[in-house]
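Heads up: the structure comes next, in structure tokens.
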Amino acid sequence: MKMRIAGIVDDSIVDGDGLRLSVFTQGCPHHCVGCQNPDTHAASGGRDEDTENILARIDENPLLTGITFSGGEPFLQPAPLTRLAKEAHKRGLDVWSYTGYTLEELLAKKNPAIDALLRELDVLVDGPYEERLRDLTLNFRGSSNQRIIDMNAFRKTGKIRTLEF
Ligand code: SF4
């Protein structure tokens with residue numbers, strides 16, 4: 001399945017817990033002030049990639065513990081990411097995604113493709129980057145408004161439980 005990406009990092013320890021393959025999607029509508037990845041904003045930037053090639057890269061690295069979707073805004077491309085997430089779970093990997101939307105905003109869209117991706121996530125790091133709330137002491141998030149949400153707990157209880165690292 002084709003998707004548009006800015007790049008891939010094979011051995012990341014900064015985009016979630018453990019050793020991760022991070023997929024940086026291309027295209028972002030949020031334009032957060034102070035964004036660290038402005039090259040990912042234009043939908044026409046980056047390059048086309050096939051999900052099967054990304055899966056092949058995952059299979060080349062037996063040390064991985066998970067995959068992460070970052071960006072850019074991953075939720076602009078929910079269908080290919082859902083495929084990657086399902087395949088990652090089959091391989092025993094956990095799945096994190098970043099988003100500039102809040103979880104509540106994503107749910108309010110009532111978009112079946114977005115809902116399908118949310119169902120496949122173990123962790124969602126949500127909310128835009130807010131420069132005034134920047135905190136370098138935080139792990140896996142840039143500003144304190146962003147939440148590291150346990151999506152398995154959310155599906156069980158319907159309540160947002162945040163994780164601390
Ligand atoms: S959501 Fe992420 S990539 Fe998009 S503008 Fe904000 S910080 Fe940058």
Side-chain angles (χ1 to χ4, degrees), residues 1-30 35-37 39-41 43 45-103 105-107 111-129 138-142 146-156 160-165:
M1 197 179 281
K2 287 276 183 231
M3 59 180 300
R4 194 83 180 163
I5 67 166
I8 294 172
V9 174
D10 288 294
D11 294 301
S12 173
I13 56 168
V14 296
D15 302 312
D17 198 28
L19 186 68
R20 318 189 66 80
L21 181 133
S22 299
V23 179
F24 291 83
T25 62
Q26 183 68 32
C28 183
H30 301 295
C35 170
Q36 302 291 305
N37 299 320
D39 292 347
T40 65
H41 294 183
R47 62 182 167 86
D48 288 328
E49 184 57 279
D50 198 290
T51 50
E52 307 317 293
N53 292 338
I54 299 172
L55 290 171
R57 276 172 84 153
I58 290 170
D59 289 336
E60 282 169 10
N61 190 347
L63 299 178
L64 288 176
T65 62
I67 65 169
T68 296
F69 308 138
S70 187
E73 172 51 63
F75 280 84
L76 294 182
Q77 303 182 74
L81 295 181
T82 299
R83 164 148 182 81
L84 287 177
K86 285 183 174 169
E87 289 297 320
H89 279 142
K90 281 186 198 165
R91 290 158 169 80
L93 302 172
D94 66 14
V95 182
W96 285 42
S97 184
Y98 286 79
T99 178
Y101 298 107
T102 63
L103 174 57
E105 287 170 339
L106 289 172
L107 292 170
N111 177 321
I114 285 175
D115 292 343
L117 177 54
L118 287 171
R119 277 196 298 277
E120 289 299 323
L121 297 180
D122 298 293
V123 172
L124 180 73
V125 186
D126 82 337
Y129 171 68
L138 299 171
N139 285 323
F140 310 137
R141 55 198 174 118
Q146 295 170 318
R147 302 173 296 184
I148 304 175
I149 298 173
D150 180 339
M151 291 299 289
N152 293 309
F154 179 70
R155 281 188 289 276
K156 268 193 209 129
I160 291 178
R161 175 172 162 247
T162 57
L163 301 167
E164 297 294 332
F165 290 91

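Worth knowing before you read on, the calculation uses all heavy atoms, side chains too, and leaves out hydrogens, waters and symmetry mates. This chain uses plain numbering: 1 for the first residue, then up along the sequence.
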Counting distance only, does the side-chain N/O of [X] pair as donor-acceptor with the main-chain N or O of [Y] below 3.5 Å?
X: Tyr101; Y: His30; answer: no
X: Gln146; Y: Gly127; answer: yes
X: Glu73; Y: Pro29; answer: no
X: Asp126; Y: Arg147; answer: yes
X: Arg91; Y: Asp59; answer: no
X: Gln26; Y: Gly7; answer: no
X: Thr40; Y: Gly72; answer: yes

Contact summary for Ala113 and Thr82, nearest pair of heavy atoms:
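The answer is O-OG1, 4.2 Å.
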Listed partners of [X] passing side chain to side chain contact (heavy atoms under 4.5 Å, CB included), at least two apart:
X: Asp94; value: Arg20, Trp96, Asp122
X: Pro128; value: Cys32, Glu130, Asn145
X: Ile13; value: Leu19
X: Ser97; value: Phe69, Pro74, Phe75, Leu121, Leu124

Answer yes or no: is there a side-chain heavy-atom contact under 4.5 Å between [X] and [Y]?
X: Thr162; Y: Ile148; value: no
X: Leu81; Y: Glu120; value: no
X: Leu107; Y: Phe154; value: yes

Distance check, rounded to the nearest 0.5 Å: [X] atom [atom1] versus [Y] atom [atom2]?
X: Lys2; Y: Gln77; atom1: NZ; atom2: CD; result: 12.5 Å
X: Arg47; Y: Met3; atom1: CZ; atom2: CE; result: 10.0 Å
X: Leu84; Y: Ile54; atom1: CG; atom2: CD1; result: 5.0 Å
X: Arg83; Y: Leu117; atom1: CZ; atom2: CG; result: 14.0 Å
X: Thr65; Y: Leu93; atom1: OG1; atom2: CG; result: 7.5 Å

Salt-bridge criterion met for Glu60 and Arg57 (N-O under 4.0 Å)
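Salt bridge absent between Glu60 and Arg57.
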Contacts of Arg155 that satisfy salt bridge (Lys or Arg N to Asp or Glu O under 4.0 Å) - sequence neighbours left out:
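For Arg155 there are no salt bridge (Lys or Arg N to Asp or Glu O under 4.0 Å) partners, ignoring immediate neighbours.
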With Asp15, which residues qualify under salt bridge (Lys or Arg N to Asp or Glu O under 4.0 Å), at least two apart?
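Residues passing salt bridge (Lys or Arg N to Asp or Glu O under 4.0 Å) with Asp15: none at all.
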